[in-house]
Protein chains: 2
Amino acid sequence: MANITDVAKLAGVSHQTVSRVLNDATVRPATKARVDAAIRELNYRPSSAARALVTRKSNAIGLIATGAPLYGPSSTMLAFNEAARAAGYQVTIASMTSVDREAMVSAVEVLLGQRVEALVLIVADVAAFDAIAGLEIGVPLITAESSGREGFLSVSIDQFAGARLAVRHLIELGHRNILHVKGPDWSVDAAERERGWRAELEASGLPVAPPLVGTWLADSGYAIGAELTRTGAVGVRGATAIFSANDQMAIGLLHALADAGLRVPGDASVVGFDDIPESVHYSPPLTTVRQDFADLGARMMETLLQVLDGRQPLEPAQATPELILRASTAPAIPLPNREVNA
Amino acid sequence: MANITDVAKLAGVSHQTVSRVLNDATVRPATKARVDAAIRELNYRPSSAARALVTRKSNAIGLIATGAPLYGPSSTMLAFNEAARAAGYQVTIASMTSVDREAMVSAVEVLLGQRVEALVLIVADVAAFDAIAGLEIGVPLITAESSGREGFLSVSIDQFAGARLAVRHLIELGHRNILHVKGPDWSVDAAERERGWRAELEASGLPVAPPLVGTWLADSGYAIGAELTRTGAVGVRGATAIFSANDQMAIGLLHALADAGLRVPGDASVVGFDDIPESVHYSPPLTTVRQDFADLGARMMETLLQVLDGRQPLEPAQATPELILRASTAPAIPLPNREVNA
DNA sequence: TCACGAAATGTGATCGATCACATTGCATGC
DNA sequence: GCATGCAATGTGATCGATCACATTTCGTGA
């Protein structure tokens, strides 16, 4: 592949003049035209490695992605990448299946070797935080999570508030026994949603049963739902509402409830979280909490730009999610004997 | 950040010796220990830019992702990235919302500036092919698509065979009027699935109605389903089966059919494509065609490695997808008057 | 003890861009 | 006609690694 000297020779100018053409410095139109022609003829593209070496700016951002191809992380990642591109940054990804400390360290190591100017952590995983906290990374790290830890930049959607919205809606419908199907224990977002559920129940003086821990995947929602119906924990003599920490587990729940002959929302109301594009087509359509992941990704990049420009990042305005009402929730039917059994 | 000379000075050796330690050349254990200590003390990480400059190997692969965060592409991307990491390659992404020629050119331009050793195109988009075909990229390009074009490496899952499996299953159940909800016109995979549907119908001498074009998203499946039930094109006097080009559109279809009071599979059978984790929890659980995206991503990297090593890539063994039978398909009930109306 | 070859280490050039600074070209004013 | 100033262009150093080659160190056998 041609280099800047080849271009200069062909155009009959010095390499510096070619550099000026590349960087929009003042060059006489006639000269610029000759250089441009040479560039096209040689199919020349400046080497970003050489450029990064001397300017000490890589224009690259490292993105650490973990785990499964879930809707939220994937959306955030794409949106972030889009925003980064618009700002003139390249994104290099380091994905990992398991989130042990070793994998995290090696991912960070490789990215820092690339002299990325910042790190982005897409999945808020408590292990990931601990792993990174022990490293001297020397560049800003931004994450999409809710419980602002010291030392990390964070842009987030208010999971706590979202969960409260969902649970309050159920309480307002008259539900008094509201279960929670939680995301995995390692997830910061799952913890926040649980906290919101718990806070809202406690604020209303309602009982708080231990949350049921799932995997984010529909299968776990189904397994939990099957167990709940088997033991009768949900339905006529049990809970009349379930708040699921994401839509995928909610569809598993709906399936299990249907299998057990329970009607939604007749026998139990179900609320999800995320508003994935399919949730409006669930059977029944799912009441859920909408998160704007595209906006999240864009805001992450915005905040990052502020820090990279040496400005203090603005107060991390947490976006508030929105409750989307659909057919999976309905008023609880007050049964005279429920109070006794609860 | 420290460089190799700083480390050399601190360890009391030459920069070349440090380089040897980094590259596992022969260094006396005592010397190596001193160098390692200096590296740790300075928190030194070799600059991949400087390394790339002199070795003329970037160890980077450019990945071009387009469009929405769909399950298949996301899974493939993660799997590919994982495989690349295992092989010692970094992946740089260039995503784009629209797939016009200009966006594609600029994405390729940026990646080639990074001196990526290969390009990976995740979403097989006919416009993407045309856009890239016009560029002299000078590095191997691999794509996950089915209809092998000249000049592109391709690893794929046999969409054509998968579609035939699905349609043959419907035919064997006695269905004679089988509609197809197709993916977007720009999608190579969508075209292959349509071709499979068409081939199987023609092989059995069954009528081929024009396919209904969706967007891959559930909403489009719902809209198509609503229109089909409104006009009576599906149901008692119309089609008794629908082959949807992906699972998301299938859930939209199921929703629309349920809204119209049609039972699945009683009044119409539905088959999807992809086997996303939720499809077993649809109502009813969806018969679908399973694709192993993780395997696809890994095989893409494998093929790429062969080419990068100068070997001829092995015959691109197309993986064959697998039909997953679930409750959304059942034998057609032969109606005496159906033949007349068909 | 010394020569010898292999192992270990050091020296200077190099990759391809930008930066800092030097030089040339050209129009303007006196 | 010539000094002046600005615009345009050129020259050499630089970034941080590896490569090619030179040199030193070390262990071994005569």
Side-chain angles (χ1 to χ4, degrees), chain A residues 1-39 42-60 88 90 109-117 138, chain B residues 1-39 42-60 88 90 109-117 138:
Chain A
M1 175 156 265
N3 63 22
I4 200 171
T5 315
D6 299 333
V7 173
K9 237 175 267 173
L10 181 60
V13 297
S14 73
H15 61 122
Q16 178 64 286
T17 299
V18 177
S19 173
R20 289 196 181 96
V21 171
L22 296 174
N23 295 284
D24 301 317
T26 56
V27 172
R28 218 166 34 186
T31 314
K32 176 167 158 50
R34 283 215 315 283
V35 172
D36 281 335
I39 288 176
L42 296 174
N43 202 21
Y44 164 78
R45 290 174 233 275
S47 151
S48 61
R51 181 175 284 172
L53 197 56
V54 59
T55 59
R56 297 155 161 283
K57 269 213 88 205
S58 66
N59 271 297
Q90 278 303 110
E109 206 76 17
V110 173
L111 292 175
L112 290 180
Q114 308 262 99
R115 296 291 186 273
V116 294
E117 296 174 30
Chain B
M1 173 156 265
N3 63 23
I4 200 170
T5 314
D6 299 332
V7 174
K9 238 175 266 174
L10 182 61
V13 297
S14 73
H15 62 126
Q16 178 63 282
T17 298
V18 177
S19 174
R20 289 197 180 95
V21 170
L22 295 174
N23 295 285
D24 300 317
T26 55
V27 172
R28 219 169 31 189
T31 315
K32 177 168 158 48
R34 283 214 315 284
V35 171
D36 280 334
I39 288 176
L42 296 173
N43 201 22
Y44 165 77
R45 291 172 231 278
S47 151
S48 61
R51 183 175 283 172
L53 196 57
V54 59
T55 59
R56 295 152 161 288
K57 268 212 89 206
S58 65
N59 270 297
Q90 279 302 109
E109 206 77 18
V110 172
L111 292 175
L112 290 180
Q114 308 262 100
R115 296 292 186 271
V116 294
E117 296 175 29

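Protein chains get the first letters and strands the later ones, always in sequence-line order, with residue 1 at the start of each. Values reported hereafter were calculated over all heavy atoms of this structure, with side chains retained and with hydrogens, waters and symmetry mates removed. All values reported here derive from a predicted model rather than from experimental measurement.
For A:S14 and D:dG10, the shortest distance from a side-chain N or O to OP1 or OP2 is below 4.0 Å. For the pair A:T5 and C:dG16, the criterion of a side-chain N or O lying under 4.0 Å from OP1 or OP2 is not met. Residue A:N23 places at least one side-chain N or O under 4.0 Å from the OP1 or OP2 atom of C:dT18. Remark: B:S47 is not in phosphate contact with D:dA17, judged by side-chain N or O atoms under 4.0 Å from OP1 or OP2. Within the structure, a side-chain polar atom (N or O) of A:T17 is placed less than 4.0 Å from OP1 or OP2 of D:dG10. Within the structure, every side-chain polar atom (N or O) of B:R56 is placed at least 4.0 Å from both OP1 and OP2 of C:dC15. Note on B:S19: a side-chain N or O is less than 4.0 Å away from OP1 or OP2 of D:dT18.
Rounded to whole Å, atom P of D:dC15 lies 17 Å from atom CE of B:M1. Here the C1' atom of nucleotide C:dG12 and the CD1 atom of B:I4 are 15 Å apart, to the nearest Å. Here the P atom of nucleotide C:dA17 and the CZ atom of A:R51 are 8 Å apart, to the nearest Å. The distance from atom CZ of B:R45 to atom C1' of D:dA17 is 17 Å, rounded to the nearest whole Å. Regarding A:Y44, its OH atom lies at a distance of 10 Å from the P atom of C:dG16, rounded to whole Å. Atom pair A:I39:CD1 and C:dA17:C1' shows a separation of 13 Å (rounding to whole Å applied). For the pair A:Q16 CD and D:dG10 P, the interatomic distance rounds to 10 Å; values are reported in whole Å. We find that NZ of A:K57 is positioned 17 Å from P of D:dG16, with the value rounded to whole Å.
When heavy atoms are screened at a 4.0 angstrom cut-off, B:T31 is found touching the sugar-phosphate backbone but no base atom.
Here the side chain of B:L53 is nearest to one of D:dA8, D:dT9, D:dG16, namely D:dG16. Of the candidate nucleotides C:dG10, C:dT18, D:dA17, C:dG10 has the atom nearest to the side chain of B:R20.
Counting heavy atoms from C-beta outward, B:K32 and B:V21 have side chains that approach closer than 4.5 Å. In this structure the side chain of B:Y44 never reaches within 4.5 angstrom of the side chain of B:V35, judged on heavy atoms. Put simply, the side chain of A:R20 does not reach to within 4.5 Å of the side chain of A:V13, judged on heavy atoms. Annotation: side chain of B:R56 is not in contact with side chain of B:R115 (no heavy-atom distance under 4.5 Å).
In this structure, CZ in B:R34 is found 11.5 Å from CG in B:D36, a value given to the nearest 0.5 Å.
Along DNA chain C, the nucleotide nearest to B:V13 and the one nearest to A:A50 differ in position, and the one closer to the 5' end is contacted by B:V13. Residues B:A2 and B:R28 both approach DNA chain D. Their nearest nucleotides, taken by heavy-atom distance, put B:A2 toward the 5′ side. Position along DNA chain C of the nearest nucleotide to B:H15 versus A:T55 favours B:H15 as the more 5'-ward residue.
Just one of A:L10, A:I4, A:N3 meets the side chain to side chain contact (heavy atoms under 4.5 Å, CB included) condition when paired with A:D6; it is A:N3.
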